[in-house]
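So you know, we letter chains A, B, ... as the sequences are listed, proteins then strands, and number each from 1. Note that the coordinates shown come from a computational prediction; the quantities given were computed from them, not determined experimentally.
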Protein chains: 2
Amino acid sequence: MTATTPTPAPEAEWLRLDRQICFSLHAASRAFNGVYRVILKDLGLTYPQYLVMLVLWEEGDLPVKKLGEHLRLDSGTLSPLLKRLEAAGLVSRERSARDERSVEVRLTEAGTALRERALEVPRRIVSATGFDVDEIRDLKARLDQLTGTLDAAALEEGSR
Amino acid sequence: MTATTPTPAPEAEWLRLDRQICFSLHAASRAFNGVYRVILKDLGLTYPQYLVMLVLWEEGDLPVKKLGEHLRLDSGTLSPLLKRLEAAGLVSRERSARDERSVEVRLTEAGTALRERALEVPRRIVSATGFDVDEIRDLKARLDQLTGTLDAAALEEGSR
DNA sequence: CACAACTAAGTTGTGCACAACTTAATGGCT
DNA sequence: AGCCATTAAGTTGTGCACAACTTAGTTGTG
């Protein structure tokens with residue numbers, strides 16, 4: 001930042017920028033996680049568990065596969081997570097009768113009831129961000145665009 | 001989205017919005033991670049390991065404490081990570097002579113040399129985002145603002 | 001019908017994040 | 001000097017993400 005900084009190699013400048021954007025995204029992601037951790041502690045849920053419950057509350061009972069499509073998570077992540085939700089009495093898991101490969105995840109009564117207590121979470125989160133609804137929608141739009149582009153790029157990079 | 005949807009309770013609407021922003025941020029974070037994973041595989045680094053190396057390349061040798069301040073990570077995360085970087089021959093760890101509590105993390109020759117190969121990473125990442133430099137700077141600014149607000153909010157929520 | 005290709009869940013192993021704790025060294029205070 | 005609060009690392013345990021693999025059930029094709 002000083003006037004006497006010798007012009008750095010352009011590549012090194014990129015490295016600096018990369019470091020900055022890396023940090024920002026990583027830090028934002030963890031900061032968000034931290035706020036959710038604090039707020040969700042009352043409900044006895046982790047952040048990813050809360051995401052699963054949100055989908056079930058909105059979509060109703062779903063097979064693990066569909067749940068994974070909504071959340072972009074695979075069974076390697078979901079299986080143990082769902083076991084913990086089951087142990088907590090919030091969901092039940094049953095083999096589908098029609099397709100024995102599939103496992104249906106259902107909300108229990110306690111799981112359904114928890115929604116009432118979860119209703120206050122979003123307000124607290126939005127207030128924690130300090131953003132208004134429009135800003136949040138805008139940020140969401142950018143992030144979605146980013147995610148779409150990144151997913152496509154990962155596929156390309158992966159197939160090199 | 002149908003015209004016959006009964007007006008949902010406002011609280012439920014918030015829950016929907018929360019679900020959307022949650023997902024977006026979580027997905028963006030993981031998508032970014034995924035692109036880095038692919039690109040960094042060549043260098044034999046994970047994303048957090050890359051972050052550590054970026055700091056060391058820019059700041060030079062540092063004690064674990066300082067490293068953690070730059071990255072907002074504690075020794076619980078850094079200690080095992082640094083052990084792996086040491087095992088990979090990229091850094092060395094030595095107790096400080098002046099303060100025996102402190103451990104100095106130093107780049108080895110291989111660690112310093114790796115920077116050359118890392119120089120191409122940022123270009124590939126930026127290209128993967130599909131954003132131009134100004135958009136990236138803008139996104140970074142928003143994310144930093146968000147992180148700052150969230151960290152402050154987590155403290156408040158935590159002290160309830 | 002038989003068999004190969006595919007699909008859904010689950011398992012295993014690695015690495016990260018974080019809370020809670022332990023260990024050891026330091027520095028202030030009486 | 002002696003003691004105690006503080007500090008730096010490291011350790012332990014829980015949970016998530018993901019790759020690679022296994023198991024079992026389904027479907028398409030000859």
Side-chain angles (χ1 to χ4, degrees), chain A residues 22-23 25-38 40-41 44-52 62-69 71-88 91 93-105 151 154 158, chain B residues 22-23 25-38 40-41 44-52 62-69 71-88 91 93-105 151 154 158:
Chain A
C22 273
F23 284 11
L25 197 84
H26 207 60
S29 167
R30 284 185 300 139
F32 234 100
N33 219 305
V35 172
Y36 271 106
R37 192 192 332 280
V38 171
L40 292 174
K41 196 159 61 179
L45 293 175
T46 66
Y47 181 36
Q49 287 167 9
Y50 174 65
L51 295 180
V52 168
L62 286 175
V64 174
K65 186 71 201 307
K66 289 281 180 192
L67 204 49
E69 283 168 10
L71 296 161
R72 295 177 181 273
L73 290 172
D74 65 11
S75 68
T77 300
L78 285 175
S79 287
L81 189 157
L82 291 170
K83 268 195 197 171
R84 284 186 284 269
L85 286 181
E86 189 176 39
V91 306
R93 292 182 307 149
E94 266 181 71
R95 286 276 159 196
S96 162
R98 273 190 308 193
D99 185 343
E100 290 277 333
R101 292 170 305 178
S102 179
V103 166
E104 198 78 14
V105 180
D151 279 348
Chain B
C22 274
F23 284 11
L25 197 83
H26 207 61
S29 167
R30 284 184 300 138
F32 233 100
N33 219 304
V35 171
Y36 271 106
R37 192 195 329 282
V38 170
L40 292 174
K41 196 159 60 177
L45 293 175
T46 66
Y47 182 36
Q49 287 167 9
Y50 174 64
L51 295 181
V52 168
L62 286 174
V64 174
K65 185 71 200 309
K66 289 282 180 193
L67 204 49
E69 283 168 12
L71 296 162
R72 296 176 180 275
L73 290 172
D74 65 11
S75 68
T77 300
L78 284 175
S79 288
L81 189 157
L82 291 170
K83 269 194 197 171
R84 284 185 285 269
L85 286 180
E86 188 177 38
V91 306
R93 293 182 307 149
E94 265 181 72
R95 286 276 159 197
S96 160
R98 273 189 308 193
D99 184 344
E100 290 278 334
R101 292 171 305 179
S102 178
V103 167
E104 198 78 15
V105 180
D151 279 348

If you check every side-chain atom of [X], which of [options] has the closest atom?
X       : options                : answer
A/His26 : D/dA17, C/dA17, D/dT11 : C/dA17
A/Leu73 : C/dT11, D/dG15, D/dA17 : D/dA17
B/Thr46 : C/dC18, C/dG15, D/dC18 : C/dG15

Of the non-hydrogen atoms in A/Tyr47 and A/Leu40, which two are nearest, and what is the gap between them? CA-CD1, 3.7 Å

Please report the distance, rounded to the nearest Å, between [atom1] in [X] and [atom2] in [N].
X        : N      : atom1 : atom2 : result
B/Glu104 : D/dA9  : CD    : P     : 9 Å
A/Leu81  : D/dC18 : CG    : C1'   : 14 Å
B/Arg95  : C/dA24 : CZ    : C1'   : 8 Å
A/Tyr36  : C/dA17 : OH    : C1'   : 18 Å
A/Arg30  : C/dA19 : CZ    : P     : 11 Å
A/Leu82  : C/dT11 : CG    : P     : 12 Å
B/Asp74  : D/dG10 : CG    : C1'   : 11 Å
B/Leu40  : D/dA19 : CG    : P     : 14 Å

Donor-acceptor contact below 3.5 Å, side chain B/Arg95 vs main chain B/Arg101: yes

Which residues satisfy the salt bridge (charged side-chain N to carboxylate O under 4.0 Å, His left out) test with A/Glu69, sequence neighbours excluded? A/Lys65

Apply the side chain to side chain contact (heavy atoms under 4.5 Å, CB included) test between A/Val105 and each candidate in A/Val52, A/Val91, A/Leu85; give the one that qualifies. A/Val91

Nearest-nucleotide check on DNA chain D, A/Pro80 vs A/Ala97; residue mapping nearer the 5' end is A/Pro80

So what does B/Leu78 touch, heavy atoms closer than 4.0 Å: a base, only the sugar-phosphate, or nothing? nothing

Identify whether any heavy atom of A/Lys83 sits under 4.0 Å from a base atom; if not, whether one sits that close to sugar-phosphate; answer base, sugar-phosphate or nothing. sugar-phosphate

Quick one: side chains of residues 71-80 of chain A, donor-acceptor pairs under 3.5 Å with protein atoms, not counting sequence neighbours, listed by atom name and distance.
| residue | atom | partner | partner atom | Å |
| --- | --- | --- | --- | --- |
| A/Arg72 | NH1 | A/Asp151 | OD2 | 3.4 |
| A/Asp74 | OD1 | A/Gly76 | N | 3.1 |
| A/Asp74 | OD1 | A/Thr77 | N | 3.1 |
| A/Ser79 | OG | A/Ser75 | O | 3.0 |

Note: for B/Glu100 and A/Ser75 on DNA chain C, the residue whose nearest nucleotide lies more 5' is A/Ser75

Can you tell me if B/Arg72 touches the phosphate of C/dA17, counting only side-chain N or O atoms and a distance under 4.0 Å to OP1 or OP2? no

Residue matched to C/dC29 through Watson-Crick or wobble contacts both under 3.5 angstrom: D/dG2

Measure the spacing between CG of A/Leu45 and OH of A/Tyr50 and express it to the nearest 0.5 Å. 9.0 Å

Taking it one step at a time, do B/Ser29 and A/Ser29 satisfy side chain to side chain donor-acceptor pair (under 3.5 Å)? CA-CA 6 Å; B/Ser29 167; A/Ser29 167; 3.1 Å; yes

I'd like a list of close polar pairs between nucleotides 3-8 of chain D and the protein, N/O only, cut-off under 3.5 Å.
| residue | atom | partner | partner atom | Å |
| --- | --- | --- | --- | --- |
| D/dT7 | O2 | B/Arg101 | NH1 | 3.2 |
| D/dA8 | OP1 | B/Lys65 | NZ | 3.4 |
| D/dA8 | OP2 | B/Lys65 | NZ | 3.1 |

